[in-house]
Chemist: 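Shown below is the structure under consideration.
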Amino acid sequence: MKLSSSYISVNGMHFRAYHGVAPQERIIGSDFVVNVRAKYNVTKAMESDDVSDTINYARIYEIIDKKMQEPSCLLENLAGRIGKGIFGEMPEIETLDITIEKKNPPMGGEIGCASVEIHLINDKTF
C-alpha cells in the first residue's frame with residue numbers, strides 16, 4: 001500500500017475576536033469560525049501509532065487562538081498571520097487551506113457570514 005496524499009483538518013473553531021475595519025468592530029467584537037486543512041505526510045504515524053509521529057492539532061488550535069487575539073483590519077491579513085504561525089512551528093506541513101468566517105458582519109443587511117479562504121504552499125518543504 002502506498003499513500004497518495006494525506007491531510008489533517010481542524011474545523012469549526014469558534015472565537016470571539018475584534019477584527020474589522022470599522023471602529024465598532026474593534027470595540028464590540030464579532031464571532032468567527034476558522035477551519036484549517038494541512039497537507040502532511042502521515043505515513044510514519046500510520047505505521048507507528050505514535051502521537052509523536054504526527055501533527056499536534058491541539059498546537060494548531062493554540063497558534064490560531066493566539067493569532068485570533070491580535071486584531072487585524074482584514075481577514076486576509078489574519079489568515080496570512082495564521083499561516084505564517086503554523087508554518088513557522090510546523091515546517092513539515094506542505095500546504096495549508098485556511099477559511100475564516102466572520103458571522104453577522106456589519107453590512108447593513110441580514111448576512112450569515114463573510115469569509116476569506118486562502119491556499120498556502122510552504123516553500124520550505126520543496
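Owing to the predicted nature of the structure, the values given are computational and were not obtained by experimental measurement.
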Chemist: How many angstroms lie between CG in L75 and CD1 in I98, if you round to the nearest 0.5 Å?
Modeler: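 One finds 12.0 Å between CG of L75 and CD1 of I98.
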Chemist: Under 4.5 Å between any side-chain heavy atoms of T95 and Y40, yes or no?
Modeler: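 No; the side chains remain at least 4.5 Å from each other.
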Chemist: With a 4.5 Å cut-off on side-chain heavy atoms, are E89 and I63 touching?
Modeler: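 Side-chain contact under 4.5 Å: yes.
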Chemist: What closest approach, in Å, do V10 and Y57 show between heavy atoms, and which atom pair accounts for it?
Modeler: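 The pair with the smallest heavy-atom distance is CG2-CB, 3.5 Å.
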Chemist: Taking all heavy atoms of G29 and all of R16, pick out the closest pair and write down the distance.
Modeler: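 Nearest heavy atoms, G29 then R16: O-NH2, 3.3 Å.
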Chemist: Roughly how far apart are L3 CG and M46 CE, rounded to 0.5 Å?
Modeler: 5.5 Å
Chemist: Would a 4.5 Å heavy-atom cut-off, applied to side chains only, mark R59 and I86 as touching?
Modeler: no
Chemist: CD1 of I8 to OG1 of T54: how many Å apart, nearest 0.5 Å?
Modeler: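 Those atoms lie 3.5 Å apart.
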Chemist: If you compare all heavy atoms of T99 against all heavy atoms of E117, which two are closest, and at what distance to 0.1 Å?
Modeler: OG1-CG, 3.5 Å
Chemist: How long is the gap from CD on E94 to OH on Y7, to the nearest 0.5 Å?
Modeler: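 It is 8.5 Å, given to the nearest 0.5 Å.
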Chemist: Considering residues, nucleotides and ligands other than D50, do more than 12 of their heavy atoms fall under 6.0 Å from its CG?
Modeler: yes
Chemist: Among I100, L96, D97, find the residue that satisfies the side-chain contact (heavy atoms from CB on, under 4.5 Å) test when tested with V36.
Modeler: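 Answer after filtering I100, L96, D97: L96.
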Chemist: Evaluate the ring-ring contact (aromatic ring centres under 6.0 Å, His included) criterion for residues F32 and H19: first the C-alpha distance (whole Å), next the side-chain angles of each, then the deciding distance (0.1 Å), finally the verdict.
Modeler: CA-CA 9 Å; F32 295 84; H19 308 291; 5.2 Å; yes
Chemist: Looking only at non-hydrogen atoms, find the nearest pair between D53 and A45 and report the distance.
Modeler: O-CB, 3.5 Å
Chemist: Quick one about N77 and S72 (side-chain donor to acceptor, distance below 3.5 Å, no hydrogens or angles considered), yes or no?
Modeler: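 Their side chains do contain a donor-acceptor pair, which is all the 3.5 Å distance test asks for.
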Chemist: Determine the sole option in K102, Q24, E101 for which the side-chain contact (heavy atoms from CB on, under 4.5 Å) test with S30 is passed.
Modeler: K102
Chemist: Any carboxylate oxygen within less than 4.0 angstrom of a Lys/Arg side-chain nitrogen, looking at K103 and D31?
Modeler: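 Salt bridge flag = no for D31 with K103.
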Chemist: Can you find a heavy atom in the side chain of E25 that is under 4.5 Å from one in the side chain of Y18?
Modeler: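 Heavy-atom side-chain distance check fails, nothing below 4.5 Å.
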Chemist: Would you compute the distance between atom CE of M68 and atom NE2 of H14 and round it to the nearest 0.5 angstrom?
Modeler: 11.0 Å
Chemist: How close do G85 and K67 get, heavy atom to heavy atom, and via which atoms?
Modeler: CA-CE, 4.2 Å
Chemist: Flag the pair N104 / I111 as yes when at least one side-chain heavy-atom distance between them is below 4.5 Å, and no otherwise.
Modeler: no
Chemist: Side chains of M13 and I64, heavy atoms from C-beta outward: is any pair under 4.5 Å?
Modeler: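 The answer is yes, as the side chains (C-beta and beyond) meet within the 4.5 Å cut-off.
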Chemist: A side-chain contact here means heavy atoms from C-beta on lying under 4.5 Å apart; do K39 and S6 qualify?
Modeler: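 Side chain of K39 against side chain of S6, heavy atoms only: no contact under 4.5 Å found.
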Chemist: Quick one: closest heavy-atom pair of P105 and C113, and the distance?
Modeler: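 Scanning both residues completely, I find the closest heavy atoms to be CD-CA, 3.9 Å.
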